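Contents: one structure, followed by commentary.
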Number of protein chains: 2
Amino acid sequence: MVTLAEVAQHAGVSASTVSYVLSGKRSISTTTRQRVEQSIRELGYHPNAGARALASSRSNIIALMIPLRTDIYVPVMMEIAIAVATTARTHGYDVLLLTGEEGPDAVRRVTGSGLADAMILMDVELDDERLPLLRSTDRPSVLIGLPADTSGLTCVDLDFAATGALCVEHLAMLGHRDIAVIGEAPAVYERHTGFAERTLDGLRYRAKELGLRLLHRPCEGGYDAMAVTLARVLDERPGTTGFVVQNESAVEPLLALLRQQGRAVPEDVSVVAICPDQVAVQASVRLTSVAIPAQEMGRHAVERLVAKLEGQVSDEVVLIAPELTVRASTGPAPTVS
Amino acid sequence: MVTLAEVAQHAGVSASTVSYVLSGKRSISTTTRQRVEQSIRELGYHPNAGARALASSRSNIIALMIPLRTDIYVPVMMEIAIAVATTARTHGYDVLLLTGEEGPDAVRRVTGSGLADAMILMDVELDDERLPLLRSTDRPSVLIGLPADTSGLTCVDLDFAATGALCVEHLAMLGHRDIAVIGEAPAVYERHTGFAERTLDGLRYRAKELGLRLLHRPCEGGYDAMAVTLARVLDERPGTTGFVVQNESAVEPLLALLRQQGRAVPEDVSVVAICPDQVAVQASVRLTSVAIPAQEMGRHAVERLVAKLEGQVSDEVVLIAPELTVRASTGPAPTVS
DNA sequence: ACCCGCTATCGAAGCGCTTCGACAACCTAT
DNA sequence: ATAGGTTGTCGAAGCGCTTCGATAGCGGGT
C-alpha cells in the first residue's frame with residue numbers, strides 16, 4: 001500500500017504538505033498542489049481509513065440502523081437505505097449497515113468505538129429504548145420516524161397525521177360518508193410504531209370534523225387475510241364506499257376482491273392508498289395515493305446529520321408535507337338509489 | 001472516551017496485557033484476565049476502531065455492494081442485505097453499504113483505503129467491469145450471482161439453470177406442451193444479468209429435451225405491460241397452457257388477467273413462479289414456485305468470505321439447488337377437446 | 001545446584017495520518 | 001530600511017492500538 005510519506009517523497013515535499021493538499025485546511029501554492037496531485041495519481045494513493053480515523057477522530061462513516069423484520073414496507077426501507085448511501089457519499093461519508101438485531105447495544109458499540117461519527121435510525125417506535133442512549137451521547141443522530149417525545153432529537157418523517165387527514169378530505173370531497181381504513185398488520189400497532197398510529201389519528205380527527213363515519217381494521221398482508229377483513233368491514237358497514245389502505249401487500253388483494261364481488265372501482269367504491277408511487281401505478285387500477293417519499297426522507301436525514309456534524313445545532317422535526325395524486329381509483333360517491 | 005491505557009492502569013497491568021486479554025493471542029492467567037475484564041466493564045471501555053484498524057491493518061468490516069436500481073427483486077436484495085449484516089455480526093464483522101453508483105471506483109477506494117477487509121458484490125453482470133479489479137487485488141471477495149467467467153472468483157447463487165429446468169419438468173409432467181416464459185424487464189437482459197439468462201438457458205435446454213414448445217417474452221412489471229405481453233403470447237401460441245414467471249411484479253397482474261379472460265388457474269392454465277416464498281403465498285392464487293433463497297445466499301456469502309479471511313483458499317462456486325414447492329397454481333393440462 | 005522450557009507479563013516500536021507551532025520568504029505600508 | 005502581516009512549508013508530537021522481543025518466575029529433570 002502506498003502511504004502519505006511515499007507520496008511526499010515522490011513529490012519532494014513533506015508529509016504534512018501532502019496532508020494539507022488533501023484536506024485543504026491550509027493554503028498550498030498552486031505549483032506544489034499540482035505536483036502533489038500528480039504524485040497521488042501516479043502512485044495510485046488512497047489514504048488509509050484507519051489512520052485517518054485515529055488521527056482525526058472522525059471516521060467519515062454514518063451508521064444506519066434498519067429494522068430486522070421484513071413485515072412492513074420493505075421497498076420503502078430499501079429505497080431509504082439507498083438514498084442514504086448515495087447522499088452520504090456526496091458528502092464524503094460511507095454508510096455502515098446495522099440491523100435492529102443488536103438493539104441498543106449497537107448504539108453503544110458504534111458510538112463507543114468511534115466506528116461511526118453519527119447515526120440514522122429507522123423504524124422508530126413511539127417509546128423506543130434506544131432514545132435515552134441517543135440523548136446522552138454526544139454523537140449526532142437523526143431518526144426517520146417520530147417517537148412520542150422528540151425533545152433533544154432530530155427527526156425526519158412524512159407528516160402521517162396530515163396524510164390521514166388528506167385521504168379523508170379527498171374522499172369527503174367526493175361525497176363519501178362511510179369510510180373504511182385497511183391498516184397495517186396488528187403487530188405493527190402493537191409495537192407502537194409511530195407512523196401507523198399517527199395516520200390513524202389524522203384520519204379519525206379529520207373524519208370527525210367532517211362528520212364522516214370511519215372504521216379501522218388492521219390487516220395482515222395477502223389475499224386470504226384481506227378477504228376476511230373485507231367481509232367483516234362490509235358486514236359491519238354495508239354502506240362503505242370509501243377505502244383508505246395503508247398496507248402495500250393488502251392493496252392488490254383488495255382490488256381483486258372488490259372486482260370479484262362486482263363492486264367497480266371507482267364507480268361503486270373509491271380506494272385511496274398510502275404507498276410508494278411505484279406500487280400505485282403498477283396496481284391493476286391506477287391508484288389515487290399519497291406517496292411515501294422514501295428518497296426524500298433518506299436524503300433529508302443525511303443532510304440534517306451532516307449539518308449537525310458540521311456543528312450546526314438543530315434539534316428539529318422535519319415533517320414532509322403529504323401530496324395526494326389523483327389517479328383512477330377514486331371518483332364521486334354513488335348516488336343513493 | 002476510555003482508552004486501553006486507562007483500563008490497564010485501572011487493572012494494574014500493562015497495556016499490552018489488556019490487549020492480549022481482548023484478543024486472546026497470548027495466554028493470560030485467570031486472575032489477571034478477570035481483573036482486566038472487571039475494569040473493562042466498570043469503565044465501559046470500547047476499543048477504538050480506527051486505532052485497531054491502523055495497528056492491525058484489519059478493519060473488521062465487510063463491504064456490501066448493492067445495486068442502485070430498484071427495478072428488480074427489491075425484497076430479495078433487502079433480505080440478502082439483512083442476512084449478510086446479521087451473519088457478519090456473528091463473525092465479528094460490520095457491514096459497509098455501497099451502492100453501485102460509484103461503480104468500479106468503489107472497489108478501488110474501499111480496498112485501497114483499507115476501509116473494508118473484504119467485499120461482497122450483488123447483481124453481478126455476466127461480464128462485470130469490477131471483476132478484473134477483484135482478481136487483481138488481494139482482498140477476498142464473494143459474488144452473489146454468477147459472471148460468465150468465474151475463474152479466480154468465489155460465487156454464491158441459486159442454480160438458475162436448474163431452476164429453469166425444474167419449472168419445465170414440473171409442467172411437462174403435468175402434461176403441458178406449450179409453455180410461455182414471462183421474464184424480467186428487457187433492460188435486465190440487455191445488461192446481461194447472469195441469473196436471467198441462465199434461467200432461460202435451463203428452461204430452453206430442458207424444454208428441448210422434453211420436446212416442449214417454449215416462448216419467452218421479457219416483460220416490464222405492472223398491469224398494463226403484462227396485458228400487452230399476455231395478448232401477444234396468446235396470439236402467437238393460442239394453445240399455451242403453462243406459464244413460468246420470473247418477475248415479481250408481473251405475477252399478480254398475470255393472475256388477474258387470466259381470471260378476467262375466463263381462464264381458470266389451475267384448471268385451464270398452470271403458473272409456476274420463480275420468486276420469494278412470501279410472494280408466492282400472498283398471491284391471489286397460492287403459487288407453485290421455486291423459492292429464491294435470499295437469506296441462505298447472504299449467509300453463505302459471508303461464511304465463504306470469513307473462511308477466506310481466515311486464510312482458507314477456496315475459489316469455488318456454490319450453487320444452491322432449487323426447490324420447487326407445489327401449491328395451488330399448477331395442475332394437469334386440460335385434455336384437448 | 002543447574003539448566004531447560006514453560007507461562008505470564010512488560011516495554012517499546014510503530015501502524016499512517018492530522019495538526020500545531022515554528023519559520024522562512026515575501027509583500028506591503030510606513 | 002523596518003516593523004508587521006501574509007503565505008507556504010516543514011518537523012514533530014501524538015491519536016490508541018497491536019505485536020514483537022525480552023524477561024522474570026516457576027517447576028521438573030538431571
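In what follows, every chain begins at residue 1, and chains take the letters A, B, ... in the order their sequences are listed. The structure presented is a predicted model; accordingly, all values stated were derived computationally and were not measured.
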request  = Please round to the nearest 0.5 Å and tell me the distance separating atom CE of M65(B) and atom CD1 of I144(B).
outcome  = 13.0 Å
key: Residue list, side chain to side chain donor-acceptor pair (under 3.5 Å) with S59(A), at least two apart or on another chain   = D117(A)
task = Identify, between S16(A) and M1(A), the residue whose nearest nucleotide on DNA chain C lies closer to the 5' end.
result = M1(A)
ask   = Under a 4.0 Å heavy-atom cut-off, which of residues 23-43 of chain A touch DNA chain D?
value = R26(A), S27(A), I28(A), S29(A), T32(A)
message = Under 4.0 Å from a heavy atom of chain A: give me the 5'-most and 3'-most nucleotides of DNA chain D that qualify.
response = dT7(D) to dG16(D)
query = How long is the gap from CG on L98(B) to CG on L68(B), to the nearest 0.5 Å?
reply = 12.0 Å
key: Residue pair K308(B) / S141(B): nearest heavy atoms and the distance that separates them   = NZ-O, 3.0 Å
query = Between T87(B) and A83(B), is there a donor-acceptor pair closer than 3.5 Å when you use the side chain of the first and the backbone of the second?
reply = yes
inquiry  = Between the side chains of E101(B) and R89(A), is the shortest nitrogen-to-carboxylate-oxygen separation below 4.0 Å, so that they form an ion pair?
reply    = no
query = Is it true that a side-chain atom of R33(A) and a backbone atom of S27(A) form a donor plus acceptor pair closer than 3.5 Å?
reply = no
message = For Y20(A), is there any backbone N or O sitting under 3.5 Å from a side-chain donor or acceptor partner on R26(A)?
response = no
remark   = Comparing nearest nucleotides in DNA chain C, the 5'-proximal residue of the pair S56(B), V18(B) is V18(B)
ask   = Checking all strands, does T3(A) fall into the base, sugar-phosphate, or nothing category for heavy-atom contacts under 4.0 angstrom?
value = sugar-phosphate
